[in-house]
Structures are given as structure tokens and as C-alpha cells.
Asker: 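Have a look at the structure that comes next, please.
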There are 2 protein chains.
Amino acid sequence: MGARRGEADEVVSAPGSAVDEPAVRERARAIPEAAVARLAVYLRVLSGMAEQSVTTVSSEELSAAAGVNSAKLRKDLSYIGSYGTRGVGYEVEVLVGQIERILGLTRKHSVCVVGIGNLGHALANYGGFPGRGFPVSALFDVDEDLIGVPVGGILVDHIEDIPRVCAEREVSIGVIATPPPAAQGVCDRLVSAGVQCILNFAPVVLQVPDHVEVRKVDLAVEMQILSFHVARRADEAAYADEGGMVVPG
Amino acid sequence: MGARRGEADEVVSAPGSAVDEPAVRERARAIPEAAVARLAVYLRVLSGMAEQSVTTVSSEELSAAAGVNSAKLRKDLSYIGSYGTRGVGYEVEVLVGQIERILGLTRKHSVCVVGIGNLGHALANYGGFPGRGFPVSALFDVDEDLIGVPVGGILVDHIEDIPRVCAEREVSIGVIATPPPAAQGVCDRLVSAGVQCILNFAPVVLQVPDHVEVRKVDLAVEMQILSFHVARRADEAAYADEGGMVVPG
DNA sequence: TAGTGTGAATTCGTTCACAGCG
DNA sequence: CGCTGTGAACGAATTCACACTA
């Protein structure tokens, strides 16, 4: 904390005129995280449509395919500019391009995977991560039997070499797929190697400096949230059985 | 939609007096989703503490370990009742028990995994899902070469048998790890088999009836969110270089 | 006319700040 | 006295509803 808190001139009208690259800076900061996640989903749906030679979509169609309501979709798209045509809809190609630009997908992001167990293997074998643009360019483990072995076409290096290898291959995203006890140590190495974005599959809360972005994928948490819903349903059912629920007209 | 929208008497004061099981029903519905996800994290941290024979924690300690601030932690815990001691903190064992109860972890939830590729294998081999309480009791695929083969101790069945097998083994959570084109079909089968909770690893937006709960784990989306942050950082750096940033006092 | 783009209203979640209790 | 538990203030995200325009 300190130098943060942008001067961001409120997101006012008059957006996408002539300019191309500039003016995006202020904009980018203003997009809510939740909207960014959805933009990625819209992008996938739109890519599918493009493949099927669909050229135009309305907010209604696109939102249905993406599983959100149309107001939310339009609001989300408005964060990135005005690329629709009133009375008509959006050009698929244009939206794909604009979302890719905002998400920074016009540039490649080298990825490394640390921890080549079951999951690490699965990740390495995706070979060029989901949706491409994310080439896996380094793999790490501690197991001596794995060092130097190719997995998904990449040789596994030792965890000690994270700083050197990550620097050489300009890794910008680190994926942690180690057992829990190893995760924080690996994370520290990645951070000192200059990696600023981390995707963590280990069920551990990572401690990182402010400038590092961590996203986590936590199986146990997901399962437990589902469990909560199962339980809630059971409670409601029991409640209804007791005569507590009013049957609607 | 219709019979929803609880009568929930506002969550007012005077909570955990004598009653034990009842009164929780109204309560459960009132816990924000975001808080449920965090409760799962607190549970893990607390379990770790219990293993190390820690008997008491303050909101300050626990929140630091869980990576949230203490106000949020206390608010989250207040949703499940008043189990702390003012001036002291919380008893680890008590909190573990209460969170497990709220998350429905006192009951086992049978899980099936559909799609036994790289990821499916990894999931099946966790054998009894993260944090236990989630025994994997069925596996499915379409590949004839896999049917009848044991993976992680369970025989793989054909996708056509989802309804029968899921009913027999009382599966309450379905995990989809198939290629994208197969996901919706599998989802439909799970739903018609009575599975009400689904964890979806396929990069597809599933369409399900209202009463089914879907959580998704979407690698591509996670990577793209990180990409967005990389891009934002780059923009900010460029902006600062241009002399646009005011160096704070 | 059909459908975008967006202020305004609303809902939801977080943080503050302090009363109350052990 | 210290720490919990929580109303109240705040802020972020969603939804509404309609002016606007191709």
C-alpha cells in the first residue's frame, strides 16, 4: 500500500473514438474483477460462435449462452467500450478482438508448472495452456528421478533452479501444484524470481507481497461449498415436510 | 423460481442459547456464499492448528493465517453462532466442530468422476477427495478400453450407466472432467440421475435446472484473469515511466 | 423498431467502531 | 482489560428502466 489509489478520471462517456492503444490505461483499472472473469467467459462463447461463422449477436443471445442476464452482459461490455450497434447487436469478430486486447491476450505469457505429480502431469500435458497464448515453458520438481525427464515435451528442472530458469525463459505466470507443505517455499522462490502472477492448486493460504497476484483453485473448498448446499437442501426439505412450507398457487 | 424467497425473520440478536439442531435452518440460508467459501478455509487452518495441539485462537491470529482481516473473520463466524469467549478467543475444537456442522461435513457425500483422462485420473487418485468426507464411489467414461478398468481402486463404468450406478451408490456430487463437447450431455445425465451438485472442470457453460448447484473450475478463465493483471501492471509501468505518476512524499 | 449504453436504484458484501462481556 | 459480536456506515456489484440511435 502507498502509491496506489489511481487518479482515474471516473469512467465518463465518449469512449471508443479514434485512439487505439492509449486511453486504455485509465480504463483497465476501472473494470471490476467480477467483470473480468465474465469477460473471459464471453470470449470463449464468442470464439465458439466465430468458428460457426456467426457474425452478429445480440446481448440477449450472448448472455443466454454465457449464463448471465443481458443487463449484466451489456454493463460488462460497456466497461471495455462501445462496440455494439443499437438495434442490431455486436459483431462477433470485433468483440473477440476487443476482449482479447483488454485481457492482454495479444501477448504470450510463459507459464511454469511446479510440482510434477498427478496434477502437474495433467497440466503439463495440456501443452500450451487452455485457450492457447499460455505456453508452458518450464517444469520443476524436487524428485531427482524426474529431473531431466521430458513431460509434455519439456524437461523437468530442479526447484532450486527456479530463479535462473524463470528469468531465462521470461516466465510471467507460475502454477503451483505441489503438496501443501512445499507450496509456500515454492511460492517464495517464484516471487524472488520475479514472477508476479501465481495460480495456486495447493490447499494452503500463500503469503505474498502486495505486488504479486495470487489466484487459487481449491478443490477441497469447492467440495465443501457443494456440501453446504446439499445440507441446506436437506434442511429445507425437512422444514417443508414439517409443514413449514407454503405451497405456492 | 416461485417458492423461494424465505420468510427469514431477519438475523437478529439473541442467537445460540440452548437449542441445538433447530433454528439452524433459517440461519443456514442467511450465510453469504462468499462467507461459506471462507469458512472452508478457516476450517483447514483450524484443523492444522488442532494437529499442532493449539487449543485457542484469537480472531487476529486466525484471520492472519487465513489471509483475511479480523473484522471479516469475526463477521463470518458470527453467521454460524457465538462460539467465542470475549477477552480470550475461540476454542479450536469447538470452531472446527461448528464449521463442519454448518458445511454439512458430518455426513459423507459420495462423489462420481466423469471423464477419466489426465485430469480424471488425477482426481480419482486423490482417492477420497481432499479433506476426506468425499469418497469417490463411481467413475465413468465412454472409452470402451477403460470400462471395467480399476482407477484408484474403483472400476470405470460407461456413461450410459450414470443413472443406475449413481442411484445405487447414492452419489450426491458429480465431477465433470470430460472434453468440452461431452460436458453438457454428461451434465444432463447426472441431473436426470438426481445429482443436485456438480463440479465442472470442462470449459463450458452448463445449462441446468434451478434446483441444481453448479460450481466451475475454469483453468482458462483463471489464466486470463492473471493475464489481465500482467497487462494492467505493464500499462501502469508505462504510464509511470511517461512521468504520469506522482511520487508520494 | 429493436437493441445498445448508462444513470439511478437496489442489493450484497466489507469495514468500521464500539458496546458488552468474560 | 482485551477480545468478541454486531449495528451502522460504507463501498462494490447487480439490476432496473429508459433515453438514444442505427
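Here is the naming used below: chain letters follow the sequence lines, and residue numbers restart at 1 for every chain.
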Asker: Is the side chain of B:His109 donor-acceptor paired with the backbone N or O of B:Gly104 at a distance under 3.5 Å, no angle test?
Answerer: yes
Asker: Do B:His229 and B:Gln224 get their side chains close enough for a donor-acceptor pair, meaning under 3.5 Å?
Answerer: no
Asker: Mind calculating the distance between OH (B:Tyr83) and P (C:dC21) to the nearest angstrom?
Answerer: 19 Å
Asker: Minimum heavy-atom separation for B:Val230 to A:Cys197, with atom names?
Answerer: CG2-SG, 3.6 Å
Asker: Contact list please: residues 55-67 of chain A against DNA chain C, heavy atoms, distance less than 4.0 Å, in numerical order.
Answerer: A:Ser58, A:Ser59
Asker: Should B:Leu46 and B:Val57 count as side-chain neighbours, where that means a heavy-atom distance under 4.5 Å?
Answerer: yes
Asker: If the condition is side chain to side chain donor-acceptor pair (under 3.5 Å), which residues does B:Asp188 pass it with, not counting sequence neighbours?
Answerer: B:Gln184
Asker: For B:Ala183, enumerate each residue passing the side-chain contact (heavy atoms from CB on, under 4.5 Å) test, keeping only those at least two apart in sequence or located in another chain.
Answerer: B:Ile176, B:Thr178, B:Ala202, B:Val204, B:Leu206
Asker: When the distance from CD of B:Gln98 to P of D:dG5 is rounded to whole Å, what number comes out?
Answerer: 12 Å
Asker: If we ignore hydrogens and angles and just use 3.5 Å, is the side chain of B:Glu222 paired with the main-chain N or O of B:Leu219 as donor and acceptor?
Answerer: no
Asker: Is a side-chain donor-acceptor pair under 3.5 Å present for A:Arg74 with A:Ser59?
Answerer: yes
Asker: To check you understand the geometry: which heavy-atom pair defines the closest contact between A:Ile80 and A:Gln98, and what is its length?
Answerer: CD1-CB, 4.1 Å
Asker: Using whole Å, what does the distance between atom C1' of nucleotide C:dG22 and atom CD of B:Glu91 come to?
Answerer: 14 Å
Asker: Any chance CD of A:Glu91 has more than 12 other-residue heavy atoms, nucleotides or ligands included, within less than 6.0 Å?
Answerer: no
Asker: Could you go through nucleotides 9-13 of chain D and list every protein N or O atom that sits under 3.5 Å from one of its N or O atoms, giving the distance for each pair?
Answerer:
none

Asker: Show the nearest heavy-atom pair for residues A:Ser70 and A:Glu60, with the distance to one decimal.
Answerer: OG-OE1, 3.5 Å
Asker: To the nearest 10 degrees, how far apart in direction are the end axes of the helix from C:dT1-D:dA22 to C:dG22-D:dC1, each fit to five base pairs?
Answerer: 10°
Asker: Over how many whole Å does the gap from B:Leu73 atom CG to C:dT15 atom C1' extend?
Answerer: 14 Å
Asker: Round to the nearest Å and state the distance from B:Asp76 atom CG to C:dT14 atom P.
Answerer: 7 Å
Asker: What's the CD1-C1' distance between B:Ile31 and C:dG13, to the nearest Å?
Answerer: 14 Å
Asker: Mark up nucleotides 15-22 of chain D, 5' to 3', with B wherever a protein heavy atom is under 4.0 angstrom from a base atom, S wherever such an atom reaches only the sugar-phosphate, and - elsewhere.
Answerer: BBB-BBBB
Asker: Do you know the tightest heavy-atom contact between A:Val171 and A:Ile173?
Answerer: CG1-O, 3.4 Å
Asker: Please report the shortest heavy-atom distance between B:Ser172 and B:Val195, naming the atom on each side.
Answerer: O-CG1, 3.9 Å
